[in-house]
Amino acid sequence: MSRLAAGVVLVTAQEPPLDPDDPEAPGMEDVGMTATAFMSVSLDPPLVLVSLRTGARMDDLLDEQPLWAVSVLAESQRHIAGRFAMKGRISDRLLFEDIPYVRGEATGAPLVGGALATLECRTEQRVTAGDHTLVIGRVLTARVPSAEGGPLLYFRGRYRQLG
């Protein structure tokens, strides 16, 4: 499957604070995950699908709460994809610190500035498939904030650009 080129997205959501006793902690924590297994499922109703490794933080979070967002990354956003794909990474709060984003009006989740497209979703269905969970979401909002640049792709184990 490494020979199949895939678009790269950042899936984001919010969760309750990890340390509710910390008075400095924000009311909600932002969580992000790079994904390459993302696709459109249906136009009517508008549905998309993201594949999450079973037991991953995002899989567990979206099992608890249904609202999430997707930013379709541009070729210039390779650093964002790499940052949120790291294993054993630092807290997501620090990862979002220097990334421009706005909060989605329907989900409150971060939508990355400069993304080629952004979507806000509500989970409609979860399907177990081997060691992954396929999360099908109804699109609540869709925007094309930036028409600049091409898509970020993943092919043969590396991030790539068209052309």
Side-chain angles (χ1 to χ4, degrees), residues 1-2 4-15 26-53 56-62 65-87 89-124 132-163:
M1 295 310 297
S2 69
L4 177 64
V8 182
V9 302
L10 182 68
V11 179
T12 56
Q14 290 191 307
E15 70 179 352
M28 296 294 276
E29 295 276 348
D30 294 326
V31 178
M33 182 199 90
T34 301
T36 57
F38 176 79
M39 63 182 278
S40 173
V41 173
S42 168
L43 290 177
D44 187 19
L47 299 173
V48 294
L49 176 150
V50 64
S51 178
L52 307 173
R53 185 176 32 83
R57 183 174 181 197
M58 189 64 74
D59 179 41
D60 292 343
L61 175 57
L62 296 188
Q65 70 95 354
L67 297 175
W68 45 286
V70 175
S71 297
V72 178
L73 298 180
E75 60 195 1
S76 63
Q77 295 176 313
R78 178 184 303 212
H79 65 288
I80 295 172
R83 179 182 294 190
F84 285 91
M86 287 187 303
K87 291 185 180 5
R89 63 190 193 212
I90 58 176
S91 80
D92 283 18
R93 187 185 315 173
L94 296 175
L95 294 178
F96 279 106
E97 205 166 71
D98 64 346
I99 295 174
Y101 66 87
V102 297
R103 295 220 172 266
E105 60 192 47
T107 63
L111 300 169
V112 176
L116 295 180
T118 60
L119 308 167
E120 292 183 274
C121 305
R122 182 185 64 242
T123 299
E124 293 267 314
H132 278 65
T133 303
L134 306 179
V135 180
I136 299 169
R138 180 179 294 259
V139 177
L140 304 173
T141 69
R143 293 195 171 56
V144 181
S146 176
E148 298 299 315
L152 181 61
L153 300 176
Y154 194 73
F155 179 69
R156 293 182 65 188
R158 294 182 39 208
Y159 297 114
R160 312 275 182 152
Q161 297 174 242
L162 283 179

Test your reading of the model: is there a side-chain donor-acceptor pair from Glu15 to the backbone of Met58, 3.5 Å cut-off? no
Could you check whether any side-chain heavy atom of Leu140 comes within less than 4.5 Å of a side-chain heavy atom of Leu67, counting everything from C-beta outward? yes
Arg122 vs Glu124 side-chain heavy atoms within contact, under 4.5 Å: yes
Minimal heavy-atom distance between Phe38 and Leu119, with the atoms involved, is CZ-CD1, 3.7 Å
Between CD1 of Ile99 and NE2 of His79, what distance do you get to the nearest 0.5 Å? 6.0 Å
For the student: nearest non-hydrogen atoms of His132 and Ser51, plus distance: CD2-OG, 3.2 Å
Counting C-beta onward and ignoring hydrogens, is there a side-chain heavy-atom pair between Leu95 and Met86 closer than 4.5 Å? yes
Under 3.5 Å, side chain of Glu75 to main-chain N/O of Gly149, donor-acceptor pair present? no
Where the side chain of Glu120 meets the backbone of Ala106, is there a donor-acceptor pair that is under 3.5 Å apart? yes
Compare every heavy atom of Ala85 with every heavy atom of Tyr159, then report the nearest pair and how far apart it is. OH-CB, 3.8 Å
Taking all heavy atoms of Pro45 and all of Arg138, pick out the closest pair and write down the distance. CB-NH1, 3.2 Å
Given side chains that start at C-beta, do those of Phe84 and Leu73 come closer than 4.5 Å, heavy atoms only? no
Using a 4.5 Å cut-off on heavy atoms from C-beta on, say whether the side chain of Leu162 contacts that of Pro151. yes
As an exercise, state the distance from CZ of Arg53 to CG of Asp59, rounded to the nearest 0.5 Å. 9.0 Å
Thr118 versus Pro145: any side-chain heavy-atom pair under 4.5 Å? yes
Among all residues two or more places apart in sequence or in another chain, which pass the salt bridge (Lys or Arg N to Asp or Glu O under 4.0 Å) test with Arg103? Asp30
Is there a side-chain contact (heavy atoms from CB on, under 4.5 Å) between Met33 and Leu61? Walk through the geometry before answering. CA-CA 11 Å; Met33 182 199 90; Leu61 175 57; over 6 Å; no
side-chain contact (heavy atoms from CB on, under 4.5 Å) between Val112 and Ile80, worked out: CA-CA 9 Å; Val112 176; Ile80 295 172; 3.8 Å; yes
Under 3.5 Å, which donor-acceptor pairs link side chains of residues 6-13 to any protein atom two or more places apart or in another chain?
unit_1: Thr12; atom_1: OG1; unit_2: Pro110; atom_2: O; d: 2.7

Classify the angle between the aromatic ring planes of Tyr101 and Phe96 as parallel (below 30°), tilted (30 to 60°) or perpendicular (above 60°). perpendicular
From Thr123 OG1 over to Leu62 CG, what is the distance, rounded to the nearest 0.5 angstrom? 5.5 Å
Might you point out which heavy atoms bring Ile136 and Trp68 nearest each other, and give the distance in Å? C-CZ2, 4.4 Å
Side chains of Leu111 and Arg143: does their closest heavy-atom pair fall under 4.5 Å? no
Give, for atom OG of Ser76 and atom CG of Leu116, the distance between the pair rounded to the nearest 0.5 Å. 8.0 Å
Atom of Ala5, atom of Phe155 and distance for their closest heavy-atom approach: N-CD1, 3.8 Å
